[in-house]
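Please find one structure pasted underneath; my questions will follow.
The chains referred to below are lettered A, B, ... by the order of the sequence lines, with proteins before strands, and numbering in each begins at 1. Atom set for the values below is all heavy atoms of this structure, side chains included, hydrogens, waters and symmetry mates excluded.
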Amino acid sequence: MTFDFGEVSVREVSRNYGRRRALTRVSLACRAGEVLGLLGPNGAGKSTLLSILSTLLAPSAGDVRYGTKTAAEAGPALRACLGLLSHDLHLYPELTAAENLRFFAQLYGVSDVDGRVAAALDRAGLLSRRDDVVSGFSRGMRQRLALERALLHEPRLLLLDEPFTGLDDASVAALVARLRELRGAGRILVVVTHDLDVAERLLDKVAVLKDGRLVAFDDARGRIREHYRAHVAEQRA
Amino acid sequence: MFLRVAWLVMRKDLTVEVRSREVIYTTIFFAVACVLVFAFALVREGRPLEDAAAGIMWISVAFAGTLALGRTFERERHSETLRALMLAPASRPAIYVGKLLGIVLLLLVVEAVLVPLIGLLFHAPIASRPLELAGLLVLGTIGFSAVGTLFAAMLVRARSRDVMLPVLLYPITIPVIIAGVRGTAALFEVEPAVDLAQMWMALLAFFDIVFVTLSLWTFEPLMTE
């Protein structure tokens, strides 16, 4: 059950919830070693697009290709190449940090579970708290643990939904450094964020969504703030 | 791989429950309260209404089971961990089986408290045919939980899930409840009608096969949004 890809491309994707259209004919692409940022006001369709990329949601029209294959063509092997860090973190608060990581490592069928779990705890700075239940952790600690949980199986495509929310400056800097490291390792990263400072430091490409439509798709890092002002700040005002 | 995933999910659910004891305590409390209310209504001067014990046992199991199903999946909804399970490359039917086994074990613990209480309050001869009674309870619990686990997982993101779960669950599990009640009533007679109870057990086994097969078949498409 092995599958790999060097590019993810979204082609004319639309998604309806009943009569409401959450996404309208969105097309974009991101290659290995790139960080794509999804920007836009609340309700623009960013999280819907992330859910479609993660295969948890099926598009109503259009398709997403992972390399040359769609999710249906790649089958369950594709899910072994995807990692999702959602705003809800996907951790069991009643389990310890090590138990959470071990459960997901076993579920993903990774080899050397103990070694991977120890390395992940080390990277998250939680080795000394490995046997503490997650409900006692701060938001920053949980966020670091959740990121390592999402990376346990070394996914090719990592999807992050507002990963910087609720973090202090030090935690944001640490997370940005970790994401740059992953970009350097050839991962494809798609990040939903409202944080322009972080966006300018991290993103290689930016896609701005508004009312479910793609209003800007640019690979010039210097123009991120310009696009944000034109399409997002305008709506807030 | 299928059994390994089911075992992992069940073990995780039981570990979480052992730590929090939230579902088991609330479910036992609710089931005991249910039996006590029936006892106040149906036991006069120490003499219970004839043949009431079997019905009360299965009504309490159904009510307590609905509560347990709702709370168990509410826990998965709280941190969106069900999405994390769905995102894993593991077989989704195996995840369903793991959740089902966790619910069944939880309800069997509740029944271990409930049955002696019913025996005591309603003078039901629970020890006359213990193996047959255990068989009826296990088969009935599997049938009820098979449908309940599917619907609870399906409704986990629905806004009106607390209302919708019993509305969908009870009509479909009526055959299980009827078979459970009739089989248990046959065992609670002065001369236990074992043949009749075994016939109802066979019917319960049939329902279990049908419900589990249909649930395994429909879980994957139903969980894809």
Side-chain angles (χ1 to χ4, degrees), chain A residues 1-3 15-17 22 47-48 50-60 71-72 74-96 99-100 102-110 113 133-135 142 146 149-150 152-153 155 157 159 161, chain B residues 1-26 71-99 102 106 153-154 156-159 219-225:
Chain A
M1 199 167 76
T2 54
F3 176 70
R15 170 69 199 196
N16 303 329
Y17 291 106
S47 295
T48 299
L50 218 59
S51 292
I52 289 173
L53 286 168
S54 73
T55 72
L56 287 170
L57 200 63
S60 307
L78 172 64
R79 298 205 295 266
C81 305
L82 305 178
L84 174 65
L85 175 62
S86 144
H87 188 65
D88 296 298
L89 301 184
H90 297 171
L91 295 169
Y92 291 97
E94 298 88 354
L95 298 185
T96 66
E99 284 170 341
N100 264 291
R102 187 170 294 114
F103 170 67
F104 283 104
Q106 289 173 328
L107 202 62
Y108 275 82
V110 303
V113 170
V133 290
V134 167
S135 58
R142 273 187 248 183
R149 184 205 65 76
L152 269 174
H153 56 292
L157 173 60
L159 308 161
D161 195 357
Chain B
M1 189 64 186
F2 185 97
L3 290 177
R4 199 175 140 269
V5 170
W7 162 253
L8 279 172
V9 172
M10 184 197 74
R11 194 181 61 178
K12 180 270 297 172
D13 276 1
L14 293 180
T15 308
V16 167
E17 184 49 38
V18 166
R19 296 264 163 81
S20 70
R21 290 177 196 168
E22 179 202 346
V23 179
I24 193 78
Y25 282 167
T26 50
R71 291 304 307 159
T72 303
F73 279 90
E74 181 63 26
R75 190 182 275 158
E76 294 282 4
R77 193 190 68 84
H78 186 65
S79 300
E80 288 283 3
T81 42
L82 192 63
R83 295 189 100 200
L85 293 180
M86 293 301 116
L87 198 60
S91 150
R92 288 181 177 172
I95 292 170
Y96 164 81
V97 170
K99 300 295 296 177
L106 193 79
M154 202 175 81
V156 79
R157 275 182 293 280
R159 215 170 291 171
F219 188 72
E220 169 117 32
L222 284 175
M223 294 309 290
T224 303
E225 293 169 59

In terms of heavy-atom contacts, B:Leu8 and A:Gln106 come closest through CD2-OE1, 3.0 Å

Cut-off 4.5 Å, heavy atoms of chain B, and the answer for A:Thr96 is both

Assert top hit (heavy-atom pairs under 4.5 Å, partner chain A, pool B:Val16, B:Val5, B:Leu87) equals B:Leu87

So, the part of A:Ser54 with a heavy atom under 4.5 Å from chain B: the answer is both

Turns out that what part of B:Glu22 lies under 4.5 Å from chain A's heavy atoms comes down to neither

Using a strict 4.0 Å threshold on nitrogen-to-oxygen distance, state whether B:Arg75 and B:Glu17 make a salt bridge.
-> yes

Item checked: B:Arg19 side-chain N/O to A:Glu94 backbone N/O, donor-acceptor pair under 3.5 Å -> yes

Taking only Lys NZ, Arg NE, NH1 and NH2, and the carboxylate oxygens of Asp or Glu, determine whether B:Arg77 and B:Glu74 approach each other closer than 4.0 Å.
yes

Max heavy-atom pairs within cutoff under 4.5 Å with chain A, candidates B:Glu76, B:His78, B:Met1, goes to B:Glu76

Counting heavy-atom pairs under 4.5 angstrom with chain B, the leader among A:Leu82, A:Leu89, A:Leu91 is A:Leu91

**OP:** Would you mind reporting whether B:Met154 and B:Phe73 have side-chain heavy atoms less than 4.5 Å apart?
**Re:** no

